[in-house]
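The structure appears below as structure tokens.
Treat the numbers as computed from the prediction; the structure is a model and nothing was measured. In listed order, ligands and their atoms are each counted from 1. Residue numbers start at 1 and run along the sequence shown.
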Amino acid sequence: MARDSSVAVVVLGDLGRSPRMQYHTLSLVEQAGKEVHVVAYGGTQPHASLVHNSRVHLHALPTLVDFVGGLVPLERLPKPLVMIVKALFQVFVLLYALLVRVPGVGFVLLQTPPCIPTFAVCKLACLLKRSELVIDWHNFGYTLLALNLSQDHPLVSIAESYERLLGKLGDYHLCVTRAMRKELETNWGVMKAQVLYDRPPQFFQPLSYSELHSLFVKLSKDFAEPMHVRDCCCTDNGGANGSLSTRSASARTLFTEKQREASGGTSIVQVADRPALVVSSTSWTPDEDFGILLEAAKLYDELTHDLKSYPRLLFVITGKGPMKEEYRKKMASMEFKKVAFRLMWLSAEDYPRLVSAADLGVSLHISSSGFDLPMKVVDMFGCGVPVCSANYSCVEELVQNNRNGMLFNDAEELAQQLKALFHNFGREKNSRLQKLKAGAMASSKRRWTDEWAKVGLGIFAGGKGKDE
Ligand SMILES: *[C@@H]1O[C@H](CO)[C@@H](O)[C@H](O)[C@H]1NC(C)=O
Ligand SMILES: *[C@@H]1O[C@H](CO)[C@@H](O)[C@H](O)[C@H]1NC(C)=O
Ligand SMILES: *[C@@H]1O[C@H](CO)[C@@H](O)[C@H](O)[C@H]1NC(C)=O
């Protein structure tokens with residue numbers, strides 16, 4: 001009985017940075033009534049609703065670096081050797097977690113990638129403990145490996161063969177796009193994979209002006225920090241006195257201000273001539289060419305800096321990653337008249353609020369395999385925010401051009417879209433931006449829990465899903 005009411009969720013990664021697996025976990029608890037054992041690396045703090053849930057048990061995996069400490073200089077050994085040692089170490093700690101630390105479970109829900117060594121280890125653990133293996137395909141692991149090594153590195157083809165061979169061993173398969181389901185069916189021999197689209201959870205919501213105002217007050221320091229030589233958004237152009245003093249900062253921010261009403265109360269309104277807020281998040285990795293956004297911002301600046309009908313653009317970029325500092329230097333050295341950048345790292349609670357505050361989202365994600373969709377766009381739609389997204393093969397399963405967003409193929413197109421969308425910003429009824437906003441609001445109605453009720457429940461609460 002206890003066995004059937006428990007599920008192990010396995011992520012060989014930082015759980016805090018795997019939103020989809022966190023949502024699965026919450027749905028397993030709340031929608032399917034399960035007890036959930038999460039086996040993952042620590043690192044970023046997962047969402048509070050998960051950490052404080054008595055039915056969610058977190059089993060943190062040690063990393064190789066934790067284990068060998070400073071004794072072995074891993075960074076000086078050849079990369080392929082480190083990868084192999086790392087994989088062997090992972091086999092050991094995963095097996096230990098699944099066979100010893102986690103009690104008997106009905107299902108193991110595994111995120112892939114990474115599939116090395118998780119496919120083999122989870123299948124073995126499932127056989128030994130008579131659990132069923134559910135593989136949740138987010139992408140194909142070997143395509144990510146090819147980005148790190150090179151396309152024709154021998155390890156890439158070994159990894160691909162392994163992935164193709166063992167990928168079939170799941171008892172159930174979930175995946176993120178119809179394109180991926182088709183690929184799994186036609187080229188991988190994985191039949192009956194079910195598409196479970198990423199959809200925003202409840203905490204990505206459109207917010208009221210007064211909720212946004214408290215966010216801007218809280219983040220006023222981050223917004224006020226200039227990043228460029230002449231930064232068009234660091235001083236309050238509205239002319240209010242001493243905008244840095246706490247009293248006026250709580251009355252007026254770069255975007256919103258308190259206004260006295262005739263009745264004597266106050267309400268929050270948008271500041272006239274405020275900059276437009278454009279939000280993007282990135283993992284600062286080579287598979288997202290951030291240079292495209294910089295180039296587009298530069299073009300927008302050149303095209304509009306002396307035209308009154310275009311607003312200032314403030315780009316807020318969130319996220320952490322290897323190329324962040326390199327880009328920070330690059331941005332700081334750029335001179336704009338009408339554009340400014342801020343780099344922020346926000347808590348899991350503030351990030352959704354910042355997204356809601358945006359007038360537009362930008363996604364530079366281009367799938368390494370061509371079969372996955374950008375989660376950040378899902379979140380933006382959850383907040384009713386329209387998106388300019390880099391175009392690639394399957395992105396139209398999410399972004400409908402001219403309905404809830406626009407697709408661009410290069411920096412020039414993105415710059416033209418920024419121009420088209422922000423022309424007469426805040427002054428024109430039925431602008432293109434407002435039409436897209438309405439489309440994004442419609443998209444925001446489709447939620448993770450609905451999607452999970454359709455697909456997830458079928459598998460975890462009865463096994464109906466398998467014969468569908
Ligand atoms: C690629 O390299 C980065 C940094 O070196 C690492 O964090 C990531 O896990 C690697 N990805 C794969 C699929 O090996
Ligand atoms: C700014 O402050 C000065 C003195 O502190 C005052 O004379 C002036 O009226 C203020 N201006 C505005 C716009 O509040
Ligand atoms: C997006 O790219 C596809 C090819 O991958 C192309 O057929 C389509 O026309 C492009 N869409 C836009 C809006 O550029």
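Atoms of ligand 3 lying under 4.0 Å from at least one heavy atom of Asn391, given by number and element, are 1 (C), 2 (O), 3 (C), 8 (C), 10 (C), 11 (N), 12 (C), 14 (O).
Taking any N or O of Asn409, backbone or side chain, at least one lies under 3.5 Å from an N or O belonging to ligand 3.
Within a 4.0 Å radius of atom 2 (O) of ligand 3, the protein contributes one or more non-hydrogen atoms.
Sorted by first and then second residue, the salt bridge (Lys or Arg N to Asp or Glu O under 4.0 Å) pairs involving residues 381-398 (not counting sequence neighbours) form an empty list.
Applying the ring pair (Phe, Tyr, Trp, His ring centres under 6.0 Å) test to Tyr300 and every residue at least two apart in sequence or in another chain returns nothing.
With hydrogens left out, the protein atom closest to atom 13 (C) of ligand 3 is Asn401 ND2, 3.3 Å, a heavy atom.
Taking 4.5 Å as the limit, some side-chain heavy atom of Val399 sits within range of a side-chain heavy atom of Phe381.
For the pair Arg199 and Trp448, the cation-pi criterion (under 6.0 Å, within 45° of the ring axis) is not fulfilled.
For atom 5 (O) of ligand 3, the choice among Ala390, Cys394, Ser393, Gly370 with the nearest heavy atom turns out to be Ser393.
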Checklist entry - After noting the C-alpha distance and the side-chain angles of Ser281 and Ile317, does the key distance pass the side chain to side chain contact (heavy atoms under 4.5 Å, CB included) rule? => result CA-CA 5 Å; Ser281 76; Ile317 317 297; over 6 Å; no
